[in-house]
Each structure stands twice: as structure tokens, then as C-alpha cells.
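Index from 1, following the sequence.
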Amino acid sequence: MTLIEIDDLMLEAALEFGPDYFYNIRNGTLGTTLYIQTPNKAEASHTRKKAPLYWKKLYVVVLYYNDREFT
């Protein structure tokens with residue numbers, strides 16, 4: 001996957017799941033993985049309901065950090 005394809009997928013994910021999160025695509029244990037980083041547990045739960053387990057042939061992981069410096 002080229003850098004342009006990765007950027008396009010991250011932009012498309014931001015449009016579909018919300019622009020307020022951090023998106024990253026990298027290889028994981030289950031293949032190429034889309035990581036969505038949210039600021040708290042409530043946002044992660046909401047995003048997990050919107051995001052399928054597999055999206056555009058990418059495994060999706062939703063993360064949150066319990067850290068006040070995230071925002």
C-alpha cells in the first residue's frame with residue numbers, strides 16, 4: 001500500500017467516523033489495521049458502534065487514552 005493510498009483511506013475514515021480523532025494505518029497481528037484514537041471511553045464506545053470490525057479490508061481497532069493532555 002502506498003503512502004497516497006494510506007492518506008486517502010485515513011481521510012475517508014475521518015469523513016465517515018468523525019474528524020475529531022487520530023487515525024493511523026499500520027500492520028498489526030491481524031493484517032493491515034486502522035487504528036482510531038479517541039480522547040475518552042465514551043467516545044470510543046460511540047465510535048465502536050459506528051465502525052465495523054473490518055472496513056475497506058482493514059481490521060479496525062478503536063483506542064482511547066485516559067489522559068487529560070490528549071485534547
Sequence neighbours left out, what passes side chain to side chain contact (heavy atoms under 4.5 Å, CB included) with Ala51? Give chain and number order. Phe17, Ile36, Arg48, Val60
Here the gap from Thr32 atom OG1 to Lys57 atom NZ, rounded to the nearest 0.5 Å, amounts to 11.0 Å
For Glu43 and Tyr21, test the side chains for any donor-to-acceptor distance below 3.5 angstrom and give the result as yes or no. yes
Which donor-acceptor pairs under 3.5 Å do the side chains of residues 7-14 make with protein atoms, sequence neighbours left out?
residue : atom : partner : partner atom : Å
Glu12   : OE2  : Lys56   : NZ           : 2.6

So if you build clusters from Ile, Leu, Val, Met, Phe, Trp, Tyr with side-chain heavy-atom gaps below 4.5 Å, do Leu34 and Leu15 land together? no
Would you say the side chain of Ile25 lies within less than 4.5 Å of the side chain of Thr33, judging by non-hydrogen atoms? no
Are the ring centres of Tyr59 and Tyr54 closer than 6.0 Å? yes
Set out, in order, the CA-CA distance, both residues' side-chain angles and the distance that settles side chain to side chain contact (heavy atoms under 4.5 Å, CB included) for Glu16 and Trp55, then state yes or no. CA-CA 11 Å; Glu16 188 166 336; Trp55 178 80; 3.1 Å; yes
Partners meeting side chain to side chain contact (heavy atoms under 4.5 Å, CB included) with Tyr64 (sequence neighbours left out): Thr38, Lys41, Ala44
Leu3 atom CG, over 12 foreign heavy atoms within 6.0 Å: no
